[in-house]
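The next block holds one structure in the form of structure tokens; read it before the comments.
Atoms considered below: every heavy atom in the structure, side chains included; atoms not considered: hydrogens, waters and symmetry mates. Whatever order the structure lists ligands and atoms in, that order sets their numbers, starting from 1.
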Amino acid sequence: MNTRSLMVMAVLAAAPARAQDCEIVLHGGKVATMDERGTMATSVTIKGDRITAVGTAPGVPPHDACAALIDLGGRTVLPGLIDSHNHIVQLSLRPGHERRIEIAATIADAQATIRAGATSVPAGGWITSIGGWSPNQLAEKRMPTLAELDAAAPRHPVYLQTGFNGPAATNSQGRAFLTTRGVAVGADGSIASGAATLAALGALRSLQTFEDRKRGALDAMKYAASLGLTMSVDKGGSWPATVPGAQGLAQLGNGAANEIDPFTGYDHFVALNNEGSMPVRLRIFYYMQDLKPELPFLTARFNNQYPGFGNDYLRISGVGERIHAQTAPPEVFEAAVRLTAERGWAYDQHTQGPEDQAAITAMWEKLNATIPLAPLRWCLAHMPGATTETLMRLKALGVGVSAAGGRYLAGPVPRTSPDEVPPFRRLVDSGIRVGYGSDGGTVAPLNPWAHIYYMVTGKNNAGELVAAGQTLTRVQALRMYTSSQPWFTRDEQKVGSIEPGKLADVVVLSADVLDAARVPDEAIRKITSALTIVGGKVVHQTDVVRVRRPTGR
Ligand SMILES: [Zn+2]
């Protein structure tokens with residue numbers, strides 16, 4: 001070694017370590033790795049964006065001099081949760097400051113969320129909670145009133161909405177603004193579903209800037225991080241009538257809460273990714289709306305987009321959950337499915353029940369004779385009432401399915417049997433590749449713990465047993481949100497389990513979901529994250545577990 005290299009080494013040794021060069025060592029925990037063997041470990045070591053070691057011995061594992069050592073005090077650790085079918089992009093586009101009342105059990109709970117949420121919203125700023133909840137989950141079984149919303153947020157306009165198009169409710173400040181925009185609002189703050197709700201939503205959207213959209217995306221991602229959800233696979237939404245060339249071609253959103261512009265609706269996420277400020281990961285599936293067998297939109301999409309383009313935070317993964325307009329003739333659907341196979345894209349297909357599941361399976365089987373589907377990672381989504389026969393045929397094709405939480409919300413149409421919701425146990429027992437999609441954002445909660453509760457208890461948000469005989473164990477339900485998920489987006493080498501070499505997406509839970517004696521079923525929905533790490537970065541922490549970097553960076 002020459003003098004010069006000794007000098008360089010001396011300089012390096014003298015420089016304070018940068019935080020990203022120092023390990024984070026979580027030890028003294030109950031680490032459910034979700035690896036293939038179901039290893040339970042005690043420690044996880046993180047360096048840079050990766051997991052570098054997983055320990056099973058008691059005590060603090062070997063570590064660098066500058067490591068941040070975090071004693072977990074026996075707390076439970078999981079791989080970052082992955083949602084393989086949700087609508088976080090719809091959620092990000094909500095006007096106002098979104099404060100989710102997804103698991104409120106009473107109007108007082110909803111008020112508490114709004115009251116706490118208001119503390120970080122400038123006076124006069126809109127507080128919203130749009131989609132992902134229903135009055136059936138509240139003990140009062142009704143929408144909150146103007147007086148109740150005034151009590152929760154006297155200095156802010158408030159707007160609550162259920163589903164795609166209402167009903168909605170507002171407070172005094174909100175009513176004053178909306179009535180000047182010609183929206184019909186009752187004296188009690190009620191806004192009827194349909195035209196009145198769409199007018200209210202449109203009025204709020206007219207106030208939104210691009211910066212608001214970026215904040216909305218950050219709010220949605222921070223909400224996800226606070227619950228341990230570290231990757232969302234987004235399945236798009238209906239196109240607005242303003243999309244150039246879409247008039248007459250596409251099935252339009254008509255201003256409803258599930259609307260996304262297919263060309264500009266992701267720009268705010270791209271901007272955040274370019275700034276390096278995505279706290280959690282996003283995978284995009286493009287929702288397509290062709291009405292003609294020439295497939296002008298789908299063809300253009302495939303001609304101008306690279307599948308798999310992006311980075312570990314934001315990536316283009318596939319097309320779906322629709323690849324044609326619902327109102328199109330059947331030959332359009334068949335042409336779209338064939339083109340998607342020819343171009344080799346991953347694809348997710350919405351289903352309603354056993355009949356369309358069987359029909360789509362038959363179409364895929366026919367196509368499989370000329371283009372093998374197994375390498376393409378296709379997925380039949382939602383799967384209410386899925387039959388064993390269809391599942392076996394799909395399994396033989398080498399495709400996957402995802403159970404969805406869209407029917408977790410008790411609605412005006414009672415869904416009370418496994419024929420109307422995903423038969424979770426039948427899906428798992430079939431041995432097919434199966435993951436879980438919350439469908440969260442508009443029709444269901446984004447909160448993964450609401451859905452883990454749904455799979456474990458078979459109960460919907462009103463507490464009604466809707467999946468009798470089809471429930472999963474807690475470990476099975478957790479696998480539906482972890483190790484089962486990354487196959488669908490070709491991320492299985494990177495996320496879904498706590499193993500050396502994988503991206504360091506790790507969550508310390510507020511309560512031990514694996515201990516039914518201490519966390520009864522009804523408490524599962526209240527679980528949150530005490531500490532969320534994504535790619536080695538702390539993206540959410542609480543006073544329960546805090547990472548203090550030795551260098552303060
Ligand atoms: Zn969906």
Side-chain angles (χ1 to χ4, degrees), residues 81-94 100 102 130-134 162-165 220 224 229 231-240 250-253 256-262 265-266 269 282-289 317-326 333 336 340 346-353 356-357 360 377-386 399-409 411 413 415 420-422 424 427 434-448 450-451 454-455 460-461 480-481 484-485 488-489:
L81 302 179
I82 301 165
D83 190 341
S84 73
H85 179 134
N86 73 22
H87 296 278
I88 195 170
V89 176
Q90 291 176 15
L91 179 51
S92 76
L93 293 168
R94 302 288 187 248
R100 307 295 288 170
E102 296 182 338
I130 300 173
W133 68 284
S134 71
T162 64
F164 297 136
N165 59 2
L229 180 64
M231 186 163 120
S232 288
V233 184
D234 187 82
K235 299 290 162 74
S238 294
W239 297 3
Q251 167 212 342
L252 302 174
N258 60 332
E259 206 171 72
I260 301 177
D261 185 302
Y266 305 86
F269 278 99
L282 179 68
R283 300 289 178 266
I284 292 171
F285 277 62
Y286 288 116
Y287 190 99
M288 303 306 296
Q289 302 257 268
S317 288
V319 287
E321 65 181 288
R322 293 189 189 281
I323 56 170
H324 78 305
Q326 262 178 288
F333 186 23
T340 303
Y347 154 44
D348 179 280
Q349 177 59 51
H350 166 96
T351 71
Q352 297 269 45
D356 69 342
Q357 289 157 17
I360 295 165
R377 314 228 171 169
W378 284 13
C379 172
L380 219 50
H382 305 336
M383 304 308 282
V399 302
V401 296
S402 75
R407 293 179 178 180
Y408 167 72
L409 292 200
V413 182
R415 313 272 196 194
E420 296 155 307
V421 302
F424 306 119
L427 297 178
V434 52
Y436 191 87
S438 68
D439 222 356
T442 307
V443 303
L446 193 76
N447 186 329
H451 296 278
Y454 182 35
M455 287 185 271
N460 66 14
N461 75 336
M480 293 280 264
Y481 254 103
S484 303
Q485 303 281 49
F488 295 94
T489 52

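- Residues H382 and D439 share a closest heavy-atom pair of CE1-OD2, 3.4 Å.
- For the pair V89 and S92, the tightest heavy-atom approach, listed with the atom from each and the gap, is O-OG, 2.6 Å.
- Between Y436 and F424, the ring planes are tilted. Angles from 30° to 60° get that label.
- Centred on the Zn ion (ligand 1), the NE2 atom of H85 and the NE2 atom of H87 lie at an angle of 110°, reported to 10°.
- Within E321, OE2 is the N, O or S atom that lies nearest to the Zn ion (ligand 1).
- Between Y481 and H451, the ring planes lie tilted relative to each other; the angle falls in the 30° to 60° range.
- Nearest to the Zn ion (ligand 1), among the N, O or S atoms that D439 has, is OD1.
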